[in-house]
Amino acid sequence: MYLSKLGRVMVELRSSRMAAVCGVIQSPAARSTFSWSEVCKQRALWRQRSAAAGTTAARRQVSRRPASQTTVDPDEVKRFQSLATKWWDEKGEFAALHAMNDLRVPFIRDSLLNVHRARHQGKPLAGLSVLDVGCGGGLLTEPLGRLGADVLGIDPVRDSIGTAQLHLSSDPDLHERVCYRACTLEELSADGEGGEEGEEGNRGPFDAVVASEVVEHLADLETFAFCCSRVLKPGGSLFITTINKTNLSYALGIVVAEQVLRIVPSGTHDWEKFISPVELERLLESNGFSTQCVRGMLYNPVSGAWSWTNSTAINYALHAVKLAEDPQPDEPTPTAATHS
């Protein structure tokens, strides 16, 4: 029953340009499918409880500053620790991430090929270095390695890295191109400082950084953006897939996905950590990036497949490029230029 209802919502989302205003979808068919006012009430109640417990996220400030805080949320680490052995179960808790590879791998590949055109036949990303932030069990790390890239996967959950290394051991062809390290992005950034290489593999600077379904689990997005810029080469690419902060994303991403259909475990997502494309672009711009494109993504729980969509109301993918010179907003701008 729930699948058929959700299927109709998905069809409605594709066929009409739905707009969620104050929790009400401007479509009679959508109104008959869900009680959006009830969803809005649930979200309001949830936010009141969060505020009472002192867990409402602080307002994000977009400013350049040293990476002095951590991106790691201890509660998120505990949650993924309990799931560390399940990464490669294609029908388990991470089934949607396995399916997402059909979109995100070509998205990363094609975007990099637009920048680095001279690639090897059969291994289009050969010669490029990629950092996979929050790699988990290596679901995205390995496919990028098979495309020829030298990939370093990092994750603060040691058991997830253990799962990734165990799975990697079954594919000898990837041993030379893929490696893993249990650490945070800020630790790698401070440790490598660009250009060093250690026993865990390449520490940067990298041609690309990938953070897929990661930023909605982080404690500090400013530190994340700062460190991404630090480990990337000038002109390097940053790829992010995440969830928009809308009423629709709350309804489908939390109420339906977690509480009704249980596509992902309950408590996986915190709506307060979701971020809109506009806010994410602004954050990246303040840290020396230029956004190249933003594309909407849609998951169909009936077919278990992802597809591209014009709407970014729920999931979206973003590609940004690090500018050749980092902006220095704290320095005064000269009032006149001197020409020699």
Test log, rule salt bridge (Lys or Arg N to Asp or Glu O under 4.0 Å), inputs Glu272 and Lys245: CA-CA 8 Å; Glu272 289 293 344; Lys245 192 173 185 179; 3.3 Å; yes

Partner residues of His98 under the ring pair (Phe, Tyr, Trp, His ring centres under 6.0 Å) criterion, sequence neighbours left out: Trp88

Sequence neighbours excluded - salt bridge (charged side-chain N to carboxylate O under 4.0 Å, His left out) pairs with any residue from residues 73-84: Asp73-Lys273, Glu76-Arg79, Glu76-Lys273

Atom of Ser160, atom of Asp155 and distance for their closest heavy-atom approach: CB-OD1, 4.4 Å

Reported CG-to-CG distance for the pair Leu280 and Leu238, which is rounded to 0.5 angstrom: 8.0 Å

Qualifying salt bridge (charged side-chain N to carboxylate O under 4.0 Å, His left out) pairs with a residue from residues 163-173, counting only residues at least two apart or across chains: Arg146-Asp171

Donor + acceptor pair across side chains of His319, Ser237 (<3.5 Å): yes

Flag side-chain contact, heavy atom, 4.5 Å: Val215 against Phe224: yes

Interatomic distance, Ile275 atom CD1 to Ile240 atom CD1 [nearest 0.5 angstrom]: 8.0 Å

With Ser82 via side-chain contact (heavy atoms from CB on, under 4.5 Å) - residues at least two apart: none

Ring geometry between His269 and Phe274 (parallel below 30°, tilted from 30 to 60°, perpendicular above 60°): perpendicular

Check: Ser249/Asn244 side-chain N/O donor and acceptor closer than 3.5 Å: no

For Asp207, salt bridge (Lys or Arg N to Asp or Glu O under 4.0 Å) partners two or more places apart: Lys233

Within one Ile-Leu-Val-Met-Phe-Trp-Tyr cluster: Leu248 and Val278, side-chain cutoff 4.5 Å: no

Side chain Lys322, main chain Gly236, donor-acceptor under 3.5 Å: no

Side chain to side chain donor-acceptor pair (under 3.5 Å) partners of Arg104, counting only residues at least two apart: Asn101, Ser212

Which residues share a salt bridge (Lys or Arg N to Asp or Glu O under 4.0 Å) with Glu93, sequence neighbours left out: Lys86

Polar side-chain atom of Thr246 near backbone of Ala313 as donor-acceptor pair, under 3.5 Å: yes

Partner residues of Glu90 under the side chain to side chain donor-acceptor pair (under 3.5 Å) criterion, sequence neighbours left out: none

Nearest-0.5 Å distance, CG of residue Leu144 to CG of residue Leu139: 11.5 Å

Side chains of Ser111 and Gln292, donor plus acceptor under 3.5 Å: no

Exercise: do Glu186 and Thr223 side chains pair donor with acceptor under 3.5 Å: no

Sequence-distant partners of Phe94, ring pair (Phe, Tyr, Trp, His ring centres under 6.0 Å), two or more places apart: Trp87

Polar side-chain atom of Ser229 near backbone of Ala225 as donor-acceptor pair, under 3.5 Å: no

Val210 vs Val133 side-chain heavy atoms within contact, under 4.5 Å: no

Residues that Leu168 engages under side-chain contact (heavy atoms from CB on, under 4.5 Å), provided they are two or more places apart: Glu142, Leu174, His175, Val178, Tyr180

Test side-chain contact (heavy atoms from CB on, under 4.5 Å) applied to Thr85 - qualifying residues, sequence neighbours left out: none

Residues in ring pair (Phe, Tyr, Trp, His ring centres under 6.0 Å) contact with Tyr316, at least two apart in sequence or another chain: none

Thr312 side chain vs Gly296 backbone, donor-acceptor pair below 3.5 Å: no

Thr241 side-chain N/O to Glu213 backbone N/O, donor-acceptor pair under 3.5 Å: yes

Joint cluster assignment, Val115 & Leu113, ILVMFWY side-chain distance < 4.5 Å: no

Any donor-acceptor N/O pair, Arg295 side chain to Ala317 backbone, under 3.5 Å: no

Spacing of CZ belonging to Arg109 relative to CG belonging to Leu128, to within rounding of 0.5 Å: 13.5 Å

